[in-house]
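Please read the structure below before turning to the comments.
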There are 2 protein chains.
Amino acid sequence: MTVTLADVAARAQVSPATVSRVLNGNYPVASSTRERVLRAVDELDYVLNGPASSLAAATSDLVGILVNDIADPFFGIMAAAIQSEIGGPGGRAGGERLGVVCNTGGSPERELTYLTLLQRQRAAAVVLTGGAIEDTAHAGAVAAKLRKLHEAGTRVVLCGRPPAPEAPDAIALTFDNRGGGRQLTEHLIGLGHRRLGYIAGPEERTTTRHRLEGHRAALDAHGVEDDPRRTVHGRYDRRSGYEATLELLRRDPSLTAVVAANDTVALGACAALRDSGLRIPGDVSVAGFDDLPFSVDAVPALTTVRLPLSEAGARAGRIAMGREEPPPGGIATVRGELMVRGSTGVPRG
Amino acid sequence: MTVTLADVAARAQVSPATVSRVLNGNYPVASSTRERVLRAVDELDYVLNGPASSLAAATSDLVGILVNDIADPFFGIMAAAIQSEIGGPGGRAGGERLGVVCNTGGSPERELTYLTLLQRQRAAAVVLTGGAIEDTAHAGAVAAKLRKLHEAGTRVVLCGRPPAPEAPDAIALTFDNRGGGRQLTEHLIGLGHRRLGYIAGPEERTTTRHRLEGHRAALDAHGVEDDPRRTVHGRYDRRSGYEATLELLRRDPSLTAVVAANDTVALGACAALRDSGLRIPGDVSVAGFDDLPFSVDAVPALTTVRLPLSEAGARAGRIAMGREEPPPGGIATVRGELMVRGSTGVPRG
DNA sequence: AACGTGACAGCAAGCGCTTTCTATGCAAGA
DNA sequence: TCTTGCATAGAAAGCGCTTGCTGTCACGTT
C-alpha cells in the first residue's frame with residue numbers, strides 16, 4: 001500500500017541502508033548512487049515514516065512551543081518568532097523540524113499534559129513562553145517534567161518566564177516585568193499623579209506579581225501611599241479591564257491614572273473611562289504593558305512598556321535548536337522600553 | 001536507561017501485551033490486573049514511547065493545524081478553538097491528541113513542507129485555516145498532498161477556506177467572504193456613499209478576491225461606478241492599511257469611505273485618516289472585516305463583518321476528530337454578520 | 001461427567017527505519 | 001606483485017510497541 005524505504009531501495013537497486021543514508025546525508029554515498037536513490041524517491045513519491053524513523057534513531061524532529069493563550073497576540077508574536085527559527089520549513093534542508101505550538105489556555109493540567117505528550121513524542125526541544133503559575137505543587141510538577149525532558153535529551157528553554165530553580169537545566173530568557181512596571185509608574189508619578197489605580201492580572205501568575213511589584217516599588221520609592229483598594233485583579237483580557245476600571249472608579253472617583261496589567265486590559269480600561277464620560281488623558285491617564293501592534297493605533301495612542309517579543313522569541317528558538325549559545329549561567333534578562341505616548345499626561349486639577 | 005513497556009510488565013508480573021492493553025483500554029483486562037499494571041506505571045514513572053506506538057499501530061495522535069499567520073488574532077482565535085476541540089488535554093482521557101499549530105507565514109513552500117511533515121508523522125487529522133493561495137501549480141500540489149493524506153487515513157478539514165475541487169475528500173467550512181463584502185459595501189452605499197476606496201489584501205489569496213468581488217457586486221448592483229483607481233492591494237497588516245489609505249487619498253481626495261480587507265488594515269486606515277486631519281466618520285467612513293476583539297474598542301468603534309471564528313474553529317475541530325458529522329456534500333458555508341458601529345456614517349457634504 | 005463457552009493473558013510476529021559491523025572493490029604503497 | 005587502506009555498500013540486529021492468534025482456566029450446560 002504505502003511506499004517504504006525497501007521499495008525505494010528495490011527500485012534504486014541498492015540496500016535499504018543506502019537509501020536511509022542518502023536521506024539522512026550523514027554517511028558517504030557515491031554521487032551516482034545518491035542520484036539513483038533520489039530519483040527513485042521521487043518516482044515513487046516516497047515520504048519517510050516519521051514514527052519509524054524516530055523510533056530507530058531515538059530522536060524526533062518535533063519542537064514544542066507552549067503558550068498560555070494562542071489567541072493573544074502577545075503569545076502569537078512570540079510563537080511566530082520561535083517557529084521561524086525552529087526552521088520548520090524555513091531552516092536549511094535536512095534540519096527540517098516540526099515546530100508545534102500547544103495552547104495551554106492557562107490551565108495547569110493542560111500544561112502538564114502537553115509536556116507529557118511532548119515527552120512521549122521524544123521532542124527535540126521544548127520552549128515554554130509567558131508567565132508561570134505560582135502554585136508550589138504545580139511548579140514542582142512542571143520542574144520535574146522539565147528535568148525528565150532534559151535527561152531524555154530534550155532541550156528546554158523558557159521565554160518570557162522566570163528561571164525555574166528546580167529545573168536548573170532549563171535556559172531562561174526572562175522579561176524584566178518588575179523593572180518595566182516600575183518605569184511605567186515612575187513615569188506617571190513624574191507627571192504628578194498620586195492616586196493611581198492598578199489593574200493586575202490573575203493572582204497566581206508570575207507576570208502579574210512582578211509587574212505589580214514594580215508598580216509598588218515605584219510608589220514606595222517616591223513616597224506615594226499604596227492604598228490596597230486601588231488595586232484590582234482580573235484576567236488578561238479586555239473585558240476584565242473594562243470591569244476593573246469601573247470598580248476602581250467606584251472605589252475612588254478621584255483617580256487620575258490607571259495602570260493596566262497589559263495593553264489588552266488597558267484597552268478595556270479606556271473603553272470604560274470613555275463610557276464613564278472621562279477624557280484620556282485629560283481626566284485620567286492610562287498605561288499598558290507589552291506594546292502590542294494595536295497599541296499605537298489606540299486613540300489616544302497607549303503609553304506602555306515595549307517588550308521585544310519577536311527578538312526574544314527568535315533567540316529562544318535559536319537556543320532551542322542549539323544554534324546559539326545559551327546565556328552565561330543559563331539565564332538572561334530581557335528589558336522593556338518605556339514608550340510614552342498620548343494616553344498619559346499631567347493629572348487634571 | 002529509559003523505562004519501557006517491558007519494564008512495567010516485569011514489575012507488574014504480566015506480559016507486555018497486557019500492559020499495552022491496559023494503557024490503550026481497548027481490550028478486556030481484569031480489574032485486579034489493571035490495577036497492578038497502573039501501579040507499576042506510576043511507580044516507574046513510565047511514559048509511553050510515542051514513535052514506537054505510532055509505528056506499531058500505524059497511526060499517531062498528532063493533529064496538525066495550519067495557519068497563515070499565528071501572530072494575527074484572526075488565526076489565533078480559530079486555532080485556539082480548533083485546539084480546544086482536538087482535546088489535546090481537554091478531551092476525555094484516552095483520546096489525548098496533540099493538537100499542533102504550524103505557522104506557514106503565508107508561504108506556499110512552508111505550507112507544503114508542513115503538510116509533508118505532517119504526512120510523515122502520520123497525523124490523525126489536518127486542519128487548514130484561512131484563505132488559500134490562488135496559484136494553480138501550488139493549489140494543485142496542495143490538493144495532491146491532501147489527497148495523499150486522505151488516502152493514508154488522515155482526516156482533512158478546511159476552515160475558512162474555499163473547497164478544493166481537486167481534493168474532494170477534504171471537508172470544507174467556508175466563510176462567505178463574498179456575501180460579507182457585499183453587505184458591507186451595501187451598508188455604505190445605503191448611507192449615501194458613492195466614492196468608496198477599497199484596500200484589498202494580497203492579490204493571490206482567495207479571501208482577498210472574494211471580499212473584493214462582494215464589494216464590486218454591491219457597487220454594480222447599485223449602479224455605482226467602480227473606478228479601478230479606488231482599489232489598492234496590500235498585505236493584511238496595519239502598516240499596509242496606513243499606506244494604502246494615503247495612496248487612496250492621493251488618488252482621490254474626495255473619497256467619503258474606505259473599506260478595508262480586514263480589521264487590522266482598517267485600523268491602519270483610521271490612523272492614516274487621522275494623521276491626514278480627517279474625521280471618522282465625519283469626513284470619511286471606515287469599515288473592516290472579521291470583527292476581531294479590538295475592533296469594538298477602536299475609536300470610533302469599527303463597523304465590520306463579524307465572522308464566527310470560534311464557532312467555526314470548534315466545529316472544524318470536532319469534525320477533524322470525527323466527533324461531528326461533516327456537512328452534507330462535505331461543504332458548509334459560514335456566513336458573517338454585519339456589525340454597524342461608529343466608524344461609518346452618512347457622507348459629508 | 002463431558003463439553004462448550006467466555007473471559008483473560010501470553011506469544012510472537014511484525015511496524016519501517018537506523019546503525020554497527022562486516023564485506024567488497026580498487027587505487028596506491030612496498 | 002602483494003599488501004594496506006580508503007571509500008562504499010550491504011547484512012542484520014534491534015528500537016519499543018501493537019495485535020492476531022493461541023492457550024488456559026473457571027463455569028454454566030446438557
Side-chain angles (χ1 to χ4, degrees), chain A residues 1-38 40-41 44-62 94 96 117 119-124 152-153, chain B residues 1-38 40-41 44-62 94 96 117 119-124 152-153:
Chain A
M1 214 350 272
T2 59
V3 184
T4 73
L5 237 211
D7 298 330
V8 176
R11 171 137 199 155
Q13 319 236 52
V14 296
S15 73
T18 301
V19 177
S20 172
R21 301 204 256 246
V22 168
L23 261 25
N24 291 298
N26 49 13
Y27 190 89
V29 173
S31 61
S32 66
T33 312
R34 182 202 322 289
E35 231 167 78
R36 204 145 29 93
V37 170
L38 256 17
V41 165
L44 295 177
D45 218 354
Y46 170 69
V47 174
L48 190 68
N49 181 316
S53 166
S54 296
L55 171 59
T59 63
S60 93
D61 50 8
L62 236 59
E96 271 171 11
L117 246 26
Q119 178 184 6
R120 172 178 304 183
Q121 298 299 331
R122 306 304 190 245
Chain B
M1 225 334 284
T2 59
V3 183
T4 72
L5 236 212
D7 299 330
V8 175
R11 171 135 198 157
Q13 318 235 53
V14 296
S15 73
T18 301
V19 177
S20 171
R21 301 205 253 246
V22 167
L23 261 25
N24 290 300
N26 50 12
Y27 191 87
V29 173
S31 62
S32 65
T33 312
R34 181 202 322 288
E35 233 167 77
R36 204 144 29 93
V37 169
L38 256 17
V41 166
L44 295 177
D45 217 354
Y46 170 70
V47 174
L48 190 68
N49 182 316
S53 166
S54 295
L55 171 57
T59 64
S60 93
D61 49 9
L62 236 59
E96 270 171 10
L117 245 27
Q119 178 185 6
R120 172 178 303 185
Q121 299 298 332
R122 307 303 190 245

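Here is the naming used below: chain letters follow the sequence lines, and residue numbers restart at 1 for every chain.
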Using the side-chain contact (heavy atoms from CB on, under 4.5 Å) rule, take B/L55 and B/R122 through it: C-alpha gap first, then chi angles, then the decisive distance, then the call. CA-CA 9 Å; B/L55 171 57; B/R122 307 303 190 245; over 6 Å; no
What is the separation between atom CZ on A/R122 and atom P on D/dG16, rounded to the nearest whole Å? 8 Å
What is the distance from atom OG1 of A/T2 to atom CG of A/L44, rounded to the nearest 0.5 Å? 11.5 Å
Gap between atoms CZ and P, on B/R120 and C/dG16 respectively (whole Å): 16 Å
Could you point out which residue of A/R36, A/E35, A/R34 forms a side chain to side chain contact (heavy atoms under 4.5 Å, CB included) with A/V22? A/R34
Looking at every non-hydrogen atom in both residues, tell me the closest pair between B/R120 and A/L48 and how far apart they are. CG-O, 3.2 Å
Worked verdict on B/L23 versus B/V8 for side-chain contact (heavy atoms from CB on, under 4.5 Å): CA-CA 11 Å; B/L23 261 25; B/V8 175; over 6 Å; no
Please tabulate, one pair per line, each protein N/O and nucleotide N/O from nucleotides 5-14 of chain C that are separated by under 3.5 Å, including the distance.
unit_1, atom_1, unit_2, atom_2, d
C/dA9, OP1, B/T33, OG1, 2.3
C/dA9, OP2, B/A30, N, 3.0
C/dA9, N6, B/Y27, OH, 2.6
C/dG10, OP2, B/S15, N, 2.8
C/dG10, OP2, B/S15, OG, 3.2
C/dG10, OP2, B/T18, OG1, 2.9
C/dG10, N7, B/R21, NH2, 2.7
C/dG10, O6, B/R21, NH2, 2.8

Criterion side-chain contact (heavy atoms from CB on, under 4.5 Å) on B/Y27 and B/T18, from CA distance to verdict: CA-CA 9 Å; B/Y27 191 87; B/T18 301; over 6 Å; no
When rounded to whole Å, the CG to C1' distance for the pair A/L48 and C/dG16 reads 9 Å
Roughly what angle, to 10°, lies between the helix axis at the start of the helix from C/dA1-D/dT30 to C/dA30-D/dT1 and the one at its end, five pairs per end? 50°
Sub-3.5 Å pairs of nitrogen or oxygen atoms, protein against nucleotides 23-25 of chain C:
none

Minimum heavy-atom distance A/A123-A/S60, with the two atoms named: CA-OG, 3.9 Å
Would you kindly give the CG-to-C1' distance between B/N26 and D/dT18, to the nearest whole Å? 9 Å
Take the protein atom CG of A/N49 and the nucleotide atom C1' of C/dC17, then report the distance between them rounded to whole Å. 8 Å
If I take atom CG in residue B/L5 and atom P in nucleotide D/dT19, what distance separates them, rounded to the nearest angstrom? 12 Å
Give a yes/no answer on whether the side chain of A/S53 brings an N or O atom under 4.0 Å of OP1 or OP2 in C/dT18. yes
Looking at C/dT18, I'd like to know if its phosphate oxygens (OP1 or OP2) sit under 4.0 Å from a side-chain N or O belonging to A/N24. yes
Kindly say if A/T4 contacts the phosphate of C/dG16, meaning a side-chain N or O under 4.0 Å from OP1 or OP2. no
Atom OG of A/S54 and atom CD of A/Q121: how far apart are they, to the nearest 0.5 Å? 8.0 Å
Rounded interatomic separation in angstrom, taking CG from A/L23 and C1' from C/dG16: 13 Å
